[in-house]
Peer 1: 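Submitted below is the structure of interest, expressed as structure tokens.
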Amino acid sequence: MKQVNIGFLGCGNIGGGVWRLLREFEAEIARREQLAFRVRRVLVRDVSKARGGNIPREILTDSPEDVLADPEIQIVMEFMGGEEPAASYIERALLAGKTVVTANKMALSTHWAELNAAAQKTGAGLYFEASVCGAIPVIRALTDSLQANRVEGLMGIINGTTNYILTRMAREGSAFEDVLYDAQRLGLAEPDPTADVEGYDAAYKLSILSSLAFHAHVPVEKVFREGITRVTPLDIACGQEMGLTLKLLAVAKRSGDRVEARVHPTFVPSTHPLASVSDAFNAVFLKGHACGEMMFYGRGAGDMPTASALVSDLIKAASAPRHKLPEFFGGADGVSVDSDWSSVYFIRMRAQDKPGVLAKVAGCMAGHDVGIASMVQKGEPDAEGRVQLVFVTHSAHERAVRAALAEVERSGETSVRSVIRVEGIE
């Protein structure tokens, strides 16, 4: 039986979930894995605070040195969240030769180069399955199961809060602000929901996923990001009439040595597997050159699903004869990330209901090589004599679409209300 001493950095809901799993499954882990885990120290803000799970008070500490400088602690589990001081503590642990298990997508995506270098220097391990999609084993699949594949692209619903909001908006025709309020009341959205609804959380996760999928570091600052705050019930309803479902998608594609990585509201055909992923569930749909298409689906957040992934990584780390770290062909500075990708576009605009306006719109689009696949006029003219026009384009370049729409608006007869990218159709 191998005994492994571990230390906790933080012990909130997720840390408490890990503690419970280690206690509940202690006998099974020992029998199946021949491992015995002993938690030596637990870093907390307030050692006098009452805690569940029967955590012995004598192992609590408010000094990070008691975890980071303890020579008997072999594996550090980080539950603090946020960029700092978590990233600095993780780096210090790795430089001390301690393997780290973490769910911290923010610290990892913003400091990946330093953390990877620290682990390489000492031979320590860095495990982070729980940083993306909770208990869904998508990182394990990319690093272990799909080595014989060249991943050509992936699309993911990797933020449960926004998926819940968009599901409710589509189901009920409710406004964004109303559903957000309900999500906050139910505890599904934070009091400050910016990280979720503006796409930051998904961008951190996509940086990690795309880097692993393409074996090339994709820095989070190069991930295009657009949130869902401007999405309206009308956009969703128009899409539904066209057979489209709206999701906040993380999209990554690779062509040669160029990569695109973007997070934004995205329509997919309502027949696409991602369209049926509702409420707070997560899913990642990917395509490999050998395996073809596959989708990973499940609960992407929550105390116990995240704790499940962390304990799985802990067992893997303790059992590994040596630790394997990702290697990126683009080096620490990353690869060239394309900002002028091609996509199909859903465009909604208000236009003067008079002869020649539609021809001008079509001419502006054609002048920038943007082809119109379909067009629908919604309803009757309003009090200002304007109507809603909805276009779906053929595949076109981002910059070309933006230039065409800027020219359309300069006429003064048309105002663009929504531009939403469409994936899964050509």
Side-chain angles (χ1 to χ4, degrees), residues 101-103 105 108-109 112 115-116 119-120 125-159 202-220 222-223 247 249-263 268 272-274 277 281-300 305-306 308-317 319-331 334-338 423-424:
V101 176
T102 180
K105 70 267 182 180
L108 186 64
S109 62
W112 199 328
L115 300 182
N116 218 41
Q120 288 176 333
L126 179 58
Y127 294 81
F128 47 89
E129 176 68 67
S131 65
V132 180
C133 295
I136 305 171
V138 62
I139 288 178
R140 190 74 55 86
L142 288 171
T143 55
D144 291 351
S145 303
L146 297 175
Q147 303 100 317
N149 278 266
R150 181 175 60 254
V151 177
E152 298 170 351
L154 61 86
M155 299 192 296
I157 298 168
I158 56 179
N159 180 271
Y204 296 136
K205 295 172 181 176
L206 183 59
S207 170
I208 295 168
L209 280 182
S210 56
S211 295
L212 295 174
F214 305 139
H215 304 284
H217 184 211
V218 180
V220 66
K222 293 185 179 180
V223 176
K247 300 293 182 182
L249 282 194
V251 179
K253 300 177 183 180
R254 177 178 171 184
S255 178
D257 62 352
R258 296 187 68 81
V259 165
E260 61 185 74
R262 41 194 170 96
V263 170
V268 294
H272 193 282
L274 287 173
V277 179
F281 281 83
N282 282 194
V284 175
F285 182 89
L286 65 80
K287 182 178 180 180
H289 85 290
C291 67
E293 297 175 339
M294 59 175 61
M295 189 167 86
F296 301 83
Y297 168 85
R299 294 193 178 276
T306 304
S308 169
L310 285 160
V311 172
S312 175
D313 265 354
L314 175 64
I315 293 170
K316 184 180 181 184
S319 305
R322 68 179 183 85
H323 303 294
K324 183 174 69 173
L325 298 168
E327 295 186 6
F328 302 139
F329 74 80
V335 292
S336 177
V337 180
D338 198 349
E423 293 290 334

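Predicted model only: the values in this text are computed from it and were never measured.
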Peer 1: Do the charged groups of Arg258 and Glu260 touch, with an N to O distance under 4.0 Å?
Peer 2: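 Judged by the 4.0 Å cut-off on N to carboxylate O distance, Arg258 and Glu260 do not form a salt bridge.
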Peer 1: So, the side chain of Ser210 versus the backbone of Val218: is there a donor-acceptor pair under 3.5 Å, distance only?
Peer 2: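 No: the side chain of Ser210 does not pair with the backbone of Val218.
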Peer 1: Listed by chain and number, what are the ring-ring contact (aromatic ring centres under 6.0 Å, His included) partners of Tyr127, not counting sequence neighbours?
Peer 2: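 Counting only residues at least two positions away or on another chain, Tyr127 forms a ring-ring contact (aromatic ring centres under 6.0 Å, His included) with His323.
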Peer 1: Taking all heavy atoms of Ala135 and all of Ala309, pick out the closest pair and write down the distance.
Peer 2: CA-CB, 4.1 Å
Peer 1: Closer than 3.5 angstrom, by distance alone: can the side chain of Ser207 be matched with the main-chain N or O of Ala203 as a donor-acceptor pair?
Peer 2: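 A pair under 3.5 Å: no.
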Peer 1: Are the side chains of Leu325 and Leu126 in touch, meaning some heavy atoms are under 4.5 Å apart?
Peer 2: yes
Peer 1: Whether the side chain of Ser312 engages the backbone of Ser308 through a donor-acceptor N/O pair (distance < 3.5 Å, no angle test) should be reported.
Peer 2: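 No, because the side chain of Ser312 does not come within donor-acceptor range (under 3.5 Å) of the backbone of Ser308.
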Peer 1: Give the table of side-chain donor-acceptor pairs shorter than 3.5 Å for residues 290-300, with sequence neighbours excluded, one pair per line with atom names and distance.
Peer 2:
none

Peer 1: Where is the tightest heavy-atom contact between Ile139 and Phe128, given as atom of each residue plus distance?
Peer 2: CD1-O, 3.4 Å
Peer 1: Within the structure provided, determine whether Leu115 and Leu108 are in side-chain contact (heavy-atom separation under 4.5 Å).
Peer 2: yes
Peer 1: Checking the side chain of Lys205 only, and the main-chain atoms of Ile158 only, is there a donor and an acceptor separated by less than 3.5 Å?
Peer 2: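 Checking the backbone N and O of Ile158 against the side chain of Lys205, a donor-acceptor pair under 3.5 Å is found.
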Peer 1: Is there a side-chain contact between Leu212 and Pro326 (heavy atoms, below 4.5 Å)?
Peer 2: yes
Peer 1: Please test Phe214 against Val151 for side chain to side chain contact (heavy atoms under 4.5 Å, CB included), starting from the C-alpha separation and ending with a verdict.
Peer 2: CA-CA 6 Å; Phe214 305 139; Val151 177; 4.3 Å; yes
Peer 1: Can you tell me how far apart CD1 (Ile208) and NZ (Lys105) are? Round to the nearest 0.5 Å.
Peer 2: 9.0 Å
Peer 1: For a quick test of reading the model, state the closest non-hydrogen atom pair linking Val138 to Val132 and the distance between them.
Peer 2: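 For Val138 versus Val132, the nearest heavy atoms are CG1-O, 4.3 Å.
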Peer 1: Counting only N and O atoms by type, is there a donor-acceptor contact under 3.5 Å from the side chain of Arg150 to the main-chain atoms of His289?
Peer 2: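 Flag not set: sc Arg150 to bb His289 has no pair under 3.5 Å.
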Peer 1: Is it true that atom NZ of Lys316 has more than 12 heavy atoms of other residues, nucleotides or ligands lying nearer than 6.0 Å?
Peer 2: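 Yes, NZ of Lys316 has more than 12 neighbouring heavy atoms, counting only those of other groups under 6.0 Å.
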Peer 1: Enter the distance from His272:NE2 to Leu249:CG here, rounded to the nearest 0.5 Å.
Peer 2: 8.5 Å
Peer 1: Just so I know, are the side chains of Ile157 and Val284 near enough to count as touching, which here means a heavy-atom distance under 4.5 Å?
Peer 2: no
Peer 1: Between OG1 of Thr102 and CD of Glu129, what distance do you get to the nearest 0.5 Å?
Peer 2: 12.5 Å
Peer 1: Is the shortest side-chain N to carboxylate O distance from Arg140 to Asp313 below 4.0 Å?
Peer 2: yes
Peer 1: Do you know the tightest heavy-atom contact between Val220 and Ser109?
Peer 2: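 Nearest heavy atoms, Val220 then Ser109: CG1-O, 4.0 Å.
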Peer 1: Rounded to the nearest 0.5 Å, how far does CG of Asn159 lie from CG of Leu206?
Peer 2: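 So the CG of Leu206 and the CG of Asn159 are separated by 12.5 Å.
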Peer 1: Give a yes or no on whether a salt bridge exists between Glu423 and Lys253, defined as a side-chain N under 4.0 angstrom from a carboxylate O.
Peer 2: yes
